[in-house]
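Written below as structure tokens is the structure these notes are about.
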Amino acid sequence: MTNKIPGFRRKEILWAYGFVAVPLLGFLIFGLAPLIASAVLSVTEWDMVSSPKFVGLANYVDLFKDEKVFKSLFNTVFMLIGIPLGMVLSLLLAILMNQKIKGISVFRTIYYIPVISPIIAVSLLWQWILNQDYGLLNQLLWNSFHITGPNWLGDPLWIKPSLILMGLWGGIGGNMVLYLAGLQSIPRSYYEAAEVDGANGFQKFVHITFPLLSNIHFYIVVMGVIGTFQAFSQIYVMAADGGPEFSAATVVFYIYQHAFEYFNMGYASSLAWVLGIIIFILTLLQFRLSKRWIYND
């Protein structure tokens, strides 16, 4: 079989199969196998000690009766607000960073540092910043405006905006780089032609810059939705037990609770499958709708 590929020697073909086998085995062991195992566990009741007990669709039925499931789903959907806010800020920042100014690369690096910072370290930093008593943000509000800041992480009204704020700080740098690459790939001739026609800066942005960045908009939205639905680490660090009144718990956090705190692995697996289906449907919907607004040059 390995000798039937023209233009390649047997040794080269074997090496090719070897390189392909590594990621394939990784997918089978760490991807497909856990996926199948979770599907099996989702129809069982298992406490990780005794033998799994088959319960059929009981976990899925209980899931739709669980108020905390809908609470965590609402919290997750609420945090999607951060995606358009982050896109606007990232695009504005990319436009500023696209200027030909001496030393501009230093500022690009500074804005990108939060992206490569460990999420646990970032969460601990923001836990201190948002502290009600000695946090930097409340101290700034009092010293500058004599305003008593809220209990950012202890008030159900403020904890989700606090997490969104932290997400914006940590995410706009990465999106800025994407937008910056997109801005630098737009041919200068388009802007020159628009200037000849008398277009001002705003008109050039609306009719040239923004449409030609549509592929980047799409990528950021898709990855942002998936990332938000998978949010866990910052919730675990900043919101003990899901925050006050479970107001900060995401779906993944609730899955973690059932799996590794309540040792209800079957229920956690069923919830994970529902989450996966939701993400799949949302992603598929975005791809279908993208045909209506993505501009291909």
Side-chain angles (χ1 to χ4, degrees), residues 1-49 51-52 54 56-57 59-60 63 76 83 112 115-120 170-171 173-175 177-178 181-182 185 215-236 250-260 263-291 294 296:
M1 177 180 178
T2 56
N3 291 323
K4 294 183 179 181
I5 302 179
F8 294 93
R9 293 178 296 177
R10 178 184 177 87
K11 186 177 180 180
E12 293 175 332
I13 296 172
L14 291 174
W15 272 106
Y17 281 131
F19 282 116
V20 171
V22 174
L24 180 61
L25 287 174
F27 168 74
L28 293 175
I29 296 172
F30 300 105
L32 185 61
L35 193 68
I36 296 174
S38 67
V40 174
L41 288 175
S42 69
V43 294
T44 66
E45 184 179 298
W46 185 43
D47 60 3
M48 301 177 67
V49 178
S51 300
F54 179 76
L57 298 178
N59 287 328
Y60 292 94
L63 185 150
T76 306
I83 296 176
Y112 191 75
V115 180
I116 60 176
S117 300
I119 185 63
I120 300 299
N175 294 339
V177 172
L178 295 174
S185 67
N215 284 305
I216 299 176
H217 301 325
F218 173 69
Y219 175 80
I220 292 176
V221 170
V222 171
M223 298 306 296
V225 170
I226 294 175
T228 302
F229 271 89
Q230 293 179 337
F232 168 74
S233 299
Q234 61 270 45
I235 313 299
Y236 182 80
T250 57
V251 179
V252 174
F253 180 84
Y254 194 41
I255 293 173
Y256 167 83
Q257 278 193 323
H258 271 281
F260 301 106
F263 300 106
N264 192 353
M265 193 62 69
Y267 189 82
S269 298
S270 64
L271 184 55
W273 269 93
V274 171
L275 175 63
I277 292 171
I278 292 174
I279 294 176
F280 175 78
I281 292 174
L282 290 176
T283 304
L284 181 63
L285 183 62
Q286 290 175 86
F287 271 92
R288 290 292 179 88
L289 295 177
S290 67
K291 299 177 182 178
I294 287 186
N296 293 310

Enumerate, atom names and distances included, each donor-acceptor pair closer than 3.5 Å involving a side-chain atom of residues 22-37, sequence neighbours excluded.
none

>> Side chains of Ile255 and Val251, heavy atoms from C-beta outward: is any pair under 4.5 Å?
In response: yes
Would you find a donor on one side and an acceptor on the other, under 3.5 Å apart, between the side chain of [X] and the backbone of [Y]?
{"X": "Thr44", "Y": "Pro52", "answer": "no"}
{"X": "Ser233", "Y": "Ile119", "answer": "no"}
{"X": "Asn215", "Y": "Ile294", "answer": "no"}

Which pair of non-hydrogen atoms, one from [X] and one from [Y], has the smallest distance, and what is that distance?
{"X": "Ser42", "Y": "Tyr60", "answer": "OG-OH, 2.9 Å"}
{"X": "Gln286", "Y": "Val221", "answer": "OE1-CG1, 2.9 Å"}
{"X": "Val43", "Y": "Val40", "answer": "CG2-O, 3.1 Å"}
{"X": "Ile279", "Y": "Ile226", "answer": "CG2-CG1, 3.9 Å"}
{"X": "Met48", "Y": "Phe263", "answer": "SD-CD2, 3.9 Å"}
{"X": "Tyr112", "Y": "Gly173", "answer": "CD1-O, 3.6 Å"}

> According to the interplanar angle, ranging from 0 to 90°, do the rings of Tyr256 and Phe253 count as parallel (below 30°), tilted (30 to 60°) or perpendicular (above 60°)?
Replying inline: tilted
Table please: side-chain donor-acceptor pairs of residues 265-278 below 3.5 Å, with sequence neighbours left out.
residue: Tyr267; atom: OH; partner: Asp66; partner atom: OD2; Å: 2.8
residue: Ser269; atom: OG; partner: Met265; partner atom: O; Å: 2.9
residue: Ser270; atom: OG; partner: Tyr267; partner atom: O; Å: 2.6
residue: Trp273; atom: NE1; partner: Ser38; partner atom: OG; Å: 2.9

Atom pair [atom1] ([X]) and [atom2] ([Y]), whose distance is rounded to the nearest 0.5 Å:
{"X": "Thr76", "Y": "Tyr254", "atom1": "OG1", "atom2": "OH", "answer": "12.5 Å"}
{"X": "Ile235", "Y": "Thr250", "atom1": "CD1", "atom2": "OG1", "answer": "5.0 Å"}
{"X": "Thr228", "Y": "Ile83", "atom1": "OG1", "atom2": "CD1", "answer": "4.0 Å"}

>> Go through it in stages, so that I can follow the logic: the residues are Val225 and Thr283, the test is side chain to side chain contact (heavy atoms under 4.5 Å, CB included), and I'd like the CA-CA distance, side-chain angles, deciding distance and then a yes or no.
In response: CA-CA 8 Å; Val225 170; Thr283 304; 5.8 Å; no
>> Would you say that more than 12 heavy atoms from the other residues, nucleotides or ligands in this model lie under 6.0 Å from the OH of Tyr236, or not?
In response: no
